[in-house]
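A quick write-up on the structure given underneath.
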2 protein chains.
Amino acid sequence: METTRGAERQRTAAERRRRELLEAADRVVLRDGPQASMNAIAAEAGITKPILYRHFGDKGGLYRALAERHTDALLSALRAALDAPAERRERVEATLDTYLAAIETRPQVYRFLMHPSDDAAPATEQGFDVGRHSAPLLRRLGEELGKVIAERVDLGPDSERMARIWGHGIVGMMHAAGDWWLGDRPCTRAELVRSLADLLWGRLAGAGDLPGGPGF
Amino acid sequence: METTRGAERQRTAAERRRRELLEAADRVVLRDGPQASMNAIAAEAGITKPILYRHFGDKGGLYRALAERHTDALLSALRAALDAPAERRERVEATLDTYLAAIETRPQVYRFLMHPSDDAAPATEQGFDVGRHSAPLLRRLGEELGKVIAERVDLGPDSERMARIWGHGIVGMMHAAGDWWLGDRPCTRAELVRSLADLLWGRLAGAGDLPGGPGF
DNA sequence: ACCGTGCGTTACTGACGGTAACACCAGTCT
DNA sequence: AGACTGGTGTTACCGTCAGTAACGCACGGT
């Protein structure tokens with residue numbers, strides 16, 4: 001009896017500790033970028049390295065735990081925009097804007113999520129295991145959006161496959177355009193959102209050629 | 001007179017040496033991935049580290065030189081597809097296919113180009129310099145495509161700005177979809193190309209809602 | 001009193017990026 | 001010929017970082 005109560009107390013204490021460590025890691029990563037050292041994170045948490053390793057295994061584990069929190073937060077924000085009661089175009093614009101607002105207000109978080117150094121690449125080399133290198137966030141967003149599209153849009157036969165392709169494609173578009181925009185700031189967020197939605201709405205196909213040379 | 005001839009001979013010799021080193025580096029990177037060590041590259045070239053550093057400054061310099069070669073090659077292939085004499089839709093599909101074929105046949109190169117570890121981030125931290133973290137290849141492709149669109153497509157006023165946005169957006173779409181496809185291989189290359197072109201052609205806007213819940 | 005378990009430490013290894021300091025060997029200048 | 005210069009190459013080192021023993025300490029259960 002006393003055993004189980006003690007074990008439970010220890011478990012919850014461990015969980016709280018883990019959260020504290022994650023918050024400390026968060027602060028350091030936000031300050032130093034993705035190349036924050038384990039020593040620095042441990043120091044910020046007021047402890048030393050081996051504890052971090054006992055909690056998270058290795059650096060990849062810590063970063064994965066950290067990324068999961070932020071990814072979940074972003075994902076739920078996007079889901080809210082995606083589920084708003086409005087026309088499809090409006091919802092697409094709201095989703096784009098939500099994503100862009102997120103990366104605009106917290107660029108360090110975004111940077112960390114999209115560029116996890118070389119985490120999950122221990123010794124699985126051999127042959128062609130390519131594909132795991134892109135940020136897991138992009139994959140997850142792509143899959144998620146693909147599911148939503150498949151659920152709600154009528155794409156005829158092969159709907160499932162096409163929806164997934166579109167999900168990843170749209171997420172990639174959003175990401176690359178947002179990344180570039182964040183660096184150069186060539187226009188307002190609203191303009192960017194509008195232009196990307198226009199692209200998705202087929203304005204490229206509808207636009208006329210310009211004189212001189214073959215039109216794109 | 002003798003001076004200039006000697007200097008020139010030395011210059012060409014240095015250039016040839018540089019090319020040899022780059023080829024050795026290429027072999028190692030293709031074998032070990034982007035985290036290939038300077039020691040390994042030097043060993044492959046039959047020399048030792050300091051020589052590499054004299055030629056390329058630092059690891060980032062070597063990787064930049066290496067990336068430039070491959071980027072140039074890919075870019076010229078894409079330009080060819082972009083300039084073919086055909087309808088716009090056909091040219092878009094050809095460009096997508098060219099890119100996907102390139103990453104399919106040489107995934108290691110692709111992986112290296114898109115994931116240059118944390119190269120150009122020496123001490124420029126401070127504030128919000130975000131944006132430099134994504135692969136330079138993506139930026140370059142995006143700018144390039146944006147220029148082509150601006151040159152050839154009539155987008156009305158603000159054509160310049162919108163073309164750049166679209167350039168980066170399309171490249172990002174291509175990249176993310178290709179990256180995902182390369183990992184899961186859920187369909188043939190041709191199907192992927194067709195689906196992405198359909199997306200760009202506005203099929204998302206035109207598709208009907210599916211019963212149950214608000215359409216996307 | 002005894003012991004196990006979990007938290008915490010110090011001190012180390014091994015690998016890596018990067019850098020002196022030095023050696024050698026051509027051709028060049030006097 | 002003999003000193004000078006510039007490029008190629010080396011060995012041996014530094015600082016940093018991820019990751020790992022090995023040990024100490026405190027606590028609750030028996």
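- Ion pairing between A:Arg89 and A:Glu93 holds under the 4.0 Å rule for side-chain N and carboxylate O.
- With a 6.0 Å cutoff to the six-membered ring centre and a 45° limit on the axis angle, B:Arg185 counts as a cation-pi contact of B:Trp181.
- Between the side chain of A:Arg54 and the base of C:dG8, at least one donor-acceptor pair of N or O atoms lies under 3.5 Å.
- The base of C:dG18 is paired with the side chain of B:Lys49 by a donor and an acceptor separated by under 3.5 Å.
- The nearest whole Å value for the distance from the CG atom in B:Asp58 to the C1' atom in C:dC16 is 14 Å.
- One atom, NE2 of B:His55, and another, P of D:dG9, lie 7 Å apart when rounded to the nearest Å.
- Formation of a donor-acceptor pair under 3.5 Å by the A:Arg203 side chain with backbone atoms of B:Leu155 is found in this model.
- The nearest whole Å value for the distance from the CD1 atom in B:Ile51 to the C1' atom in D:dT11 is 12 Å.
- Backbone-only engagement by A:Ser37 is indicated by non-hydrogen atom pairs under 4.0 Å involving sugar-phosphate atoms exclusively.
- Summarising the geometry, the separation between CD1 on A:Ile41 and P on D:dG19 is reported as 11 Å, rounded to the nearest angstrom.
- Taking the six-membered ring where tryptophan is involved, the planes of A:Trp180 and B:His168 are essentially parallel, since the angle between them stays under 30° and well short of 60°.
- For the pair A:Phe56 CZ and D:dG19 P, the computed distance is 14 Å after rounding to whole Å.
- In this entry the distance linking CG of A:Asp32 with P of D:dT16 reads 14 Å, nearest Å.
- Within 4.0 Å of B:Ile47, counting heavy atoms only, lie sugar-phosphate atoms of the nucleic acid but no base atom.
- With D:dG9, D:dA21, C:dG17 as the choices, the nucleotide that has an atom nearest any side-chain atom of B:Lys59 turns out to be C:dG17.
- Atom P of nucleotide D:dC17 and atom CG of A:Leu52 are separated by 14 Å, given to the nearest angstrom.
- Across the protein-nucleic acid pair, B:Met38 atom CE and C:dA15 atom P stand 18 Å apart, rounded to whole Å.
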